[in-house]
Asker: 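First, the structure itself, so that you have it in front of you.
This structure is a prediction, so every number in the text was calculated from the model and none was measured.
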Amino acid sequence: MAAEIFPSKKPANSNSNSVQQYHQQNLNNNNTIPSPNWQGLYSTIRERNAVMFNNELMADVHFVVGPPSGTQRLPGHKYVLAVGSSVFHAMFYGELAEDKEEIRIPDVEPAAFLAMLKYLYCDEIDLAADTVLATLYAAKKYIVPHLARACVNFLETSLSAKNACVLLSQSCLFEEPDLTQRCWEVIDAQAELALKSEGFCDIDFQTLESILKRETLNAKEIVVFEAALCWAEVECQRQELTPTIENKRKVLGKALYLIRIPTMALDDFANGAAQSGVLTLNETNDIFLWYTAAKKPELEFVSKPRKGLVPQRCHRFQSCAYRSNQWRYRGRCDSIQFSVDKRVFIAGFGLYGSSCGSAEYSAKIELKRQGVTLGQNVSKYFSDGSSNTFPVWFEYPVQIEPDTFYTASVVLDGNELSYFGQEGMTEVQCGKVTVQFQCSSDSTNGTGVQGGQIPELIFYA
């Protein structure tokens, strides 16, 4: 993603092609501009400053950037750098300034340093997913706050269950509390996806502990246990240890006792943790006694279940009804579009049940964005003949971004007529989240904003 802070203005003259040629040249390399009157090609000081980016022309300092195995020598101009960074100002013009022609910076990646220089010279922010963390590090080191904020915004925008654990670790390192909070929101709501991601195994021990301690982690404890073992295996490799059971337990240390093994389902414990080899024989016996004995033994493991997250329900109808000829299901689709004003995680839908007594329905639920399926599930639910709604869940909560319309759909199969909603609302305030609804072209069974099925969105926020 590349975005300019101030839009570039193209010179309105016959030399515009030459300007573009020279500008592209100095972006790609650090050759000097050959034209004797290059200043006349640019109408603003911003454009003339941009010519100096990565340019040997008038350079009065050089940086050797990157680790010894991959350094890059980059030219700089002290005045431009000092205007953009208080660290560079102190380095070149402060009381303890050193008059060095070459400065070594082994802890910053060349691509990240160039991204920072491009911002200082050109007022342009050019970020990429594979270098944004390194750019954030550079921006923090040289106190370039607006670039650092842009990096954080980029990370928040690209945040998902796949990278949330790694970004949590980095956000704590960079002392970015807002990003840390966003990471926790994703990890809590999509805990099982986050724990199963490759990035989880890349986190440091302190971050591992903070996740295992998390009270609101929305995951089965067996998933937490298996994720911790995967992390331990990778950590053994980082420490150049053979990934034996003993070494896995060694690298986990006391973090093992943060896994709430006694709160697992008995089947999960018996077929998983008890046979993993990580627990001692005494620990295994004591936990089995914890499940079965009236007098429970003392355990080092946390035995209180996690609170998890309480799902919120957005109900879009003001009343419901039933008639003798509706609502009928013959494999047709009920669908509605919705958008939210802040990031949420859709866990499932609340659906109406039979209006003719108890009945069972088969439901295929689906969530799409611009035609792309983000989540789907097929399950059955039993309705008791009341006008209540009945929850149907996705396998994993689906991340929903603000200010974009998504399509919620369900195909129901059942012999009985059901209740249906009436007096639908186009906008519903649910806690701190505002949800807007509009009709969907996918709906072939009559559901719309004013009435029909899918009365509730069930979500975490």
Asker: If I compare all heavy atoms of Asp204 with all of Ser169, which pair ends up nearest, and what's the gap?
Answerer: OD1-OG, 2.5 Å

Asker: Are side-chain N/O atoms of Asn445 and Tyr329 paired as donor and acceptor at under 3.5 Å?
Answerer: no

Asker: Return yes when atom CD of Gln318 has more than 12 non-hydrogen atoms of other residues, nucleotides or ligands closer than 6.0 Å, and no otherwise.
Answerer: yes

Asker: Is a donor on one side and an acceptor on the other found under 3.5 Å between the side chain of Arg46 and the backbone of Cys122?
Answerer: yes

Asker: Is the shortest side-chain heavy-atom distance between Leu412 and Gln453 below 4.5 Å?
Answerer: yes

Asker: Any donor-acceptor pair under 3.5 Å linking the side chain of Thr131 with the backbone of Ala134?
Answerer: no

Asker: Search all heavy atoms of Cys165 against all heavy atoms of Ile203 and return the closest pair with its distance.
Answerer: O-CG2, 3.4 Å

Asker: Answer with yes or no whether the side chains of Asp413 and Ser362 bring together a donor and an acceptor at under 3.5 Å.
Answerer: no

Asker: How far apart are the closest heavy atoms of Val398 and Gly375, and which atoms are they?
Answerer: CG2-CA, 4.1 Å

Asker: Taking the side chain as every heavy atom from C-beta outward, state whether Gln399 and Leu374 have any atom pair closer than 4.5 Å.
Answerer: no

Asker: Between Phe345 and Phe459 (judged by ring centroids, cut-off 6.0 Å), do the two rings come close enough to count as a pair?
Answerer: no

Asker: Let me confirm one number: the CG-CG distance from Leu81 to Leu117, rounded to the nearest 0.5 Å.
Answerer: 6.0 Å

Asker: Between Glu226 (side chain) and Val223 (backbone), is there a donor-acceptor pair under 3.5 Å?
Answerer: no

Asker: Got more than 12 heavy atoms from elsewhere within 6.0 Å of NZ, Lys296?
Answerer: yes

Asker: Is it true that Phe390 and Phe382 have ring centroids separated by less than 6.0 Å?
Answerer: no

Asker: Just wondering, more than 12 heavy atoms not from Lys141 lying within 6.0 Å of its NZ?
Answerer: yes

Asker: Does Ser358 use its side chain to pair, donor to acceptor, with the backbone of Gly385 at less than 3.5 Å?
Answerer: no

Asker: Kindly check if the number of other-residue, nucleotide or ligand heavy atoms within 6.0 Å of CD (Glu298) is above 12?
Answerer: no

Asker: Do Asp126 and Tyr119 have side-chain atoms, one donor and one acceptor, less than 3.5 Å apart?
Answerer: no

Asker: Closer than 3.5 angstrom, by distance alone: can the side chain of Asn247 be matched with the main-chain N or O of Lys250 as a donor-acceptor pair?
Answerer: no

Asker: Would you mind telling me which of Ser441, Ser443, Ser409 makes a side-chain hydrogen bond (donor to acceptor under 3.5 Å, both in side chains) with Ser335?
Answerer: Ser409

Asker: Is Glu198 atom CD crowded by more than 12 heavy atoms from other residues, nucleotides or ligands, each under 6.0 Å away?
Answerer: no

Asker: Side-chain contact test, heavy atoms from C-beta onward, threshold under 4.5 Å: evaluate it for Leu279 versus Phe301 and give yes or no.
Answerer: yes

Asker: Backbone N or O of Asp267 within a donor-acceptor pair of the Asn271 side chain at under 3.5 Å?
Answerer: yes

Asker: At what distance, to the nearest 0.5 angstrom, does CG of Leu168 lie from CZ of Arg182?
Answerer: 13.5 Å

Asker: Quick one: does Gln422's side chain get under 4.5 Å of Gln450's, heavy atoms only?
Answerer: no

Asker: Testing the 3.5 Å rule here: is there a donor-acceptor pair between the side chains of Thr407 and Gln337?
Answerer: yes

Asker: Rounded at 0.5 Å granularity, tell me how far CG in Asn153 sits from CZ in Arg149.
Answerer: 4.5 Å

Asker: When you measure from the side chain of Lys140 to the backbone N and O of Phe174, does any donor-acceptor pair fall under 3.5 Å?
Answerer: yes

Asker: Locate the shortest heavy-atom distance separating Gly308 from Asn218; write the atom from each residue and the value.
Answerer: CA-OD1, 4.3 Å

Asker: So which heavy atom on Trp393 is nearest to which on Asn377, and how close?
Answerer: O-ND2, 2.8 Å

Asker: Kindly compute the distance separating OH (Tyr406) from CD1 (Ile400), expressed to the nearest 0.5 Å.
Answerer: 5.0 Å

Asker: Can you tell whether the side chains of Glu221 and Arg306 come within less than 4.0 Å, N to carboxylate O?
Answerer: yes

Asker: Can a donor-acceptor pair be found, under 3.5 Å and without considering hydrogens, that links the side chain of Ser85 to the backbone of Tyr142?
Answerer: yes

Asker: On a heavy-atom basis, which atom in Ala139 and which in Ala148 lie closest, and how many Å separate them?
Answerer: CB-N, 3.8 Å

Asker: Any donor-acceptor pair under 3.5 Å linking the side chain of Arg249 with the backbone of Val278?
Answerer: yes

Asker: Is there a side-chain contact between Arg313 and Leu457 in this structure, where contact means two heavy atoms from C-beta onward sitting under 4.5 Å apart?
Answerer: no

Asker: Any side-chain donor-acceptor pair under 3.5 Å between Asp188 and Thr216?
Answerer: yes

Asker: Would a distance-only check, ignoring hydrogens and angles, find a side-chain to backbone donor-acceptor pair under 3.5 Å from Gln190 to Pro397?
Answerer: yes

Asker: Is a side-chain donor-acceptor pair under 3.5 Å present for Asn282 with Thr280?
Answerer: no

Asker: Leu179 versus Cys183: any side-chain heavy-atom pair under 4.5 Å?
Answerer: yes

Asker: Do Phe420 and Tyr322 have ring centres separated by under 6.0 Å?
Answerer: no

Asker: Report yes if the distance between the aromatic ring centroids of Tyr291 and Phe269 is under 6.0 Å, otherwise no.
Answerer: yes

Asker: Test of understanding: with side-chain contact (heavy atoms from CB on, under 4.5 Å), list the residues that count as partners of Ser158, not counting sequence neighbours.
Answerer: Phe154

Asker: Side-chain contact, heavy-atom cut-off 4.5 Å: Thr389 with Pro455?
Answerer: yes

Asker: Would a 4.5 Å heavy-atom cut-off, applied to side chains only, mark Asp334 and Val411 as touching?
Answerer: no

Asker: Does a donor on one side chain sit under 3.5 Å from an acceptor on the other, for Ser319 and Glu423?
Answerer: yes

